[in-house]
Amino acid sequence: MKLEEYTSKNVSLGTLWREFLPLSLSDVTMACGDPMMTTTLAYLPDAQVNIAAIGVAKSLAIFFESPIIMILHAANALAGSQKSREALWRFTLLAGGGLSFLLGLLGIPIIFNSVGVSLLGIPSAMLATVSQVLLIACGWPFAIAWRRYFQGLLIYHGKPRALAIASIFRLLTLALVLASGFFIQIAGGVLAGIALISGVIVEAVAVTFFAYRSGATIPPETETKPGLPQNLPQVWKFYFPLANTMMVVWGGRAILISILARAQDATIAIAAWSAAWGLVLVIANSTRMVQQMVIKYRHQVSDRQLLTFAMSVGAVCSTLLLLMSVTPVGDRIVQSFIGNDLTLANSIKPVLLICAIVPLFVALQNATQGFLVSENRTGHVNISTWLGTGTLLIIASFAINKGMNGAIAAAIAMIASMIVEITCLLWKRVVKTA
C-alpha cells in the first residue's frame with residue numbers, strides 16, 4: 001500500500017494517544033453499561049430469560065439507532081461550515097424523531113408478538129419482556145442522534161474530555177437506576193428499559209451543556225472546508241452511504257440473534273452470546289475513536305503513523321481481552337459478571353477466547369474507514385460492510401444448521417465477517433493509492 005506522507009508538526013504517537021484516551025473513555029463507559037446490566041439481571045429472578053430478552057431488545061433498539069450512529073462522524077466532518085451544521089442539525093432532528101416513532105410502534109404488543117414470532121423466531125417466553133423494553137426505551141434513537149451531533153462538534157473543536165465526562169454521567173445514572181431497581185426488586189425487563197433510556201438522556205443533556213459552554217456550537221467565521229453539503233438534500237447524499245453502512249451492520253446483528261433463536265440451545269445461546277459480546281465490546285469499543293483521530297489528523301500526520309497508532313491501540317486492547325479469557329483473574333471476572341450460573345459461564349469463556357482478536361480488527365477497520373471517509377469515499381465503506389455482514393449471516397446459518405453450539409457459531413461467524421470487511425477496505429485503499 002502506498003502511504004501518503006505529510007509534514008507532521010509536533011504530532012507524535014504519544015500526542016495521538018493522549019488525545020485519543022479521553023475519546024476512548026467515552027466509548028468504554030458506554031460499553032460498560034451492558035455488563036453492568038447483565039450482572040444486575042443475573043441476580044434477579046428468571047436471569048437467563050431476562051438476559052436473553054434484553055439482548056434481543058438491545059439489538060433491535062440499536063438497529064433503529066443505526067441510521068444515525070454516524071451523525072458524530074458527519075458533525076465532525078461538516079463542522080467547518082455554518083450552513084452544513086444547520087442542515088445536519090435539521091436532518092438529525094427529523095431522523096431521530098422518525099426512528100423513535102418506528103421503534104415505539106414495533107414495541108406495541110400486538111405488533112411485536114406477530115413480528116417477533118414470524119420474522120425473528122423469538123421464543124414466546126421472551127416476547128413480553130422484549131416488548132416492554134422497546135416501549136420504555138422508544139426515545140433511544142432520538143436521544144442518541146441528539147447526543148452524537150453535539151459530540152461531533154466537541155471533537156471538531158478539540159474538547160474530547162467533555163465527551164468522557166458526559167459518558168461518566170451516563171454510566172453513573174445507569175448504575176444508580178440499576179441499584180435502585182435491584183433494591184426494590186423491579187422486574188428485569190422494566191428495570192433494563194428504564195436504565196437504558198435514563199442513561200442516554202442524561203448523557204445527551206450533558207454533551208449539549210458542554211458544547212454550548214465551550215463555544216463548540218459557534219461555527220468558524222470562515223468556511224474551513226469548501227464544498228461541504230449546504231442543505232438537506234446534499235447532507236442526505238453525503239450521509240446516506242454512512243447511514244446505510246450502520247443499518248447493514250446492526251441489521252445483520254439483529255438477524256444474527258434471530259438465527260441463534262433457531263439453534264438447538266436457543267435460550268442459552270442468545271444469553272451467552274449477548275453477555276460475552278457485551279464484555280468483548282467493553283474492550284473493543286475503546287478502539288473505535290481511532291476513526292475520529294484519522295479524520296482529524298488525515299492531512300497533518302502521515303498515513304503510516306496513523307496506521308501504526310491504530311495498530312498499537314488494537315494490540316493493547318486485544319492483549320487485555322486475551323488475558324481475560326485465559327487467566328484465573330479472567331475466570332473470576334466472568335463469574336462475578338453472571339453470578340452462579342455455571343452453564344452460562346461455561347458458554348461465555350470459549351466465545352471470549354475466539355473473540356480476543358476483535359479489538360485489533362475493530363481498530364484496523366475504523367482506521368481504514370477513517371481514511372476513506374476523509375476522502376469522501378463513503379460508498380466504498382458501504383460495500384465492504386455489505387460483504388462482511390453477508391459473510392456473518394451465511395456462516396452463522398450454516399453452523400447452526402449443522403448443530404454447532406449457538407454462541408460459538410456466532411463468534412466464529414463474527415471473526416470471519418470482520419476479516420472479509422477489513423480485507424475489502426484495505427483493497428479499496430490499495431486501489432486508490434497504488
Side-chain angles (χ1 to χ4, degrees), residues 11 14-34 36 62 65-66 68-80 85 88-89 92 96 140-175 196-220 242 246 281-298 306 309-310 313 316-317 359 362-363 366-367 369-370 373-374:
V11 184
T15 300
L16 293 174
W17 266 96
R18 282 192 294 273
E19 184 169 342
F20 167 78
L21 287 174
L23 294 176
S24 175
L25 181 60
S26 171
D27 275 336
V28 171
T29 53
M30 182 174 68
C32 282
D34 286 344
M36 189 182 295
I62 294 179
E65 170 201 340
S66 61
I68 46 83
I69 285 177
M70 301 296 277
I71 290 290
L72 183 151
H73 307 69
N76 186 8
L78 304 183
R85 288 186 179 209
L88 181 62
W89 176 239
T92 299
W140 176 275
F142 184 79
I144 292 290
W146 181 295
R147 180 201 71 168
R148 292 185 78 78
Y149 174 82
F150 287 102
Q151 283 179 322
L153 297 185
L154 286 166
I155 291 173
Y156 178 83
H157 286 275
K159 307 293 182 181
R161 293 184 184 277
L163 275 68
I165 295 171
S167 64
I168 291 173
F169 287 164
R170 174 179 175 175
L171 190 64
L172 291 175
T173 300
L174 185 72
L196 284 171
I197 193 63
S198 298
V200 75
I201 288 175
V202 167
E203 186 180 17
V205 171
V207 294
T208 305
F209 170 77
F210 289 135
Y212 276 97
R213 190 182 71 170
S214 66
T217 57
I218 302 173
L242 298 176
M246 290 295 99
L281 289 184
V282 170
I283 298 177
N285 275 4
S286 66
T287 71
R288 292 194 310 174
M289 285 295 180
V290 161
Q291 183 171 150
Q292 297 307 307
M293 300 295 293
V294 170
I295 292 173
K296 179 175 180 179
Y297 287 104
R298 180 70 173 81
L306 289 172
F309 163 70
V313 171
V316 168
C317 293
V362 172
N366 276 274
Q369 286 177 345
V373 170
S374 68

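These numbers come from the heavy atoms of this one structure, side chains and all, not from hydrogens, waters or symmetry mates.
- Between L78 and Y156, every side-chain heavy-atom pair lies at or beyond the 4.5 Å cut-off.
- Applying the side-chain hydrogen bond (donor to acceptor under 3.5 Å, both in side chains) criterion to R85, with sequence neighbours excluded, gives H157.
- Judged as a ring-ring contact (aromatic ring centres under 6.0 Å, His included), and not counting sequence neighbours, the contacts of Y149 are W89.
- Looking at V202 and L174, their side chains never come closer than 4.5 Å, going by heavy atoms from C-beta outward.
- For the side-chain hydrogen bond (donor to acceptor under 3.5 Å, both in side chains) test, no residue two or more places apart in sequence or in another chain qualifies with S66.
- Looking only at side-chain heavy atoms (C-beta outward), L171 and M36 come within less than 4.5 Å of each other.
- Although no hydrogens or angles enter the test, the distance criterion places no donor-acceptor pair under 3.5 Å between the side chain of N76 and the main chain of L72.
- Checked against side-chain hydrogen bond (donor to acceptor under 3.5 Å, both in side chains), N285 has no partners two or more places apart in sequence or in another chain.
- Contacts of R18 classified as side-chain hydrogen bond (donor to acceptor under 3.5 Å, both in side chains), with partners at least two apart in sequence or in another chain: T15.
- Contact check for L88 versus I71: side-chain heavy atoms found under the 4.5 Å cut-off.
- Checked against a 6.0 Å centroid threshold, the rings of Y297 and F309 do not count as neighbours.
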Could you list the donor-acceptor pairs under 3.5 angstrom formed by side chains in residues 203-212, with sequence neighbours left out?
| from | atom 1 | to | atom 2 | distance (Å) |
| --- | --- | --- | --- | --- |
| E203 | OE1 | R147 | NH1 | 2.9 |
| E203 | OE1 | R170 | NH1 | 2.9 |
| T208 | OG1 | W146 | NE1 | 2.6 |
| T208 | OG1 | A204 | O | 2.7 |

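- Take I218 and apply the side-chain contact (heavy atoms from CB on, under 4.5 Å) test, not counting sequence neighbours, and it matches no residue.
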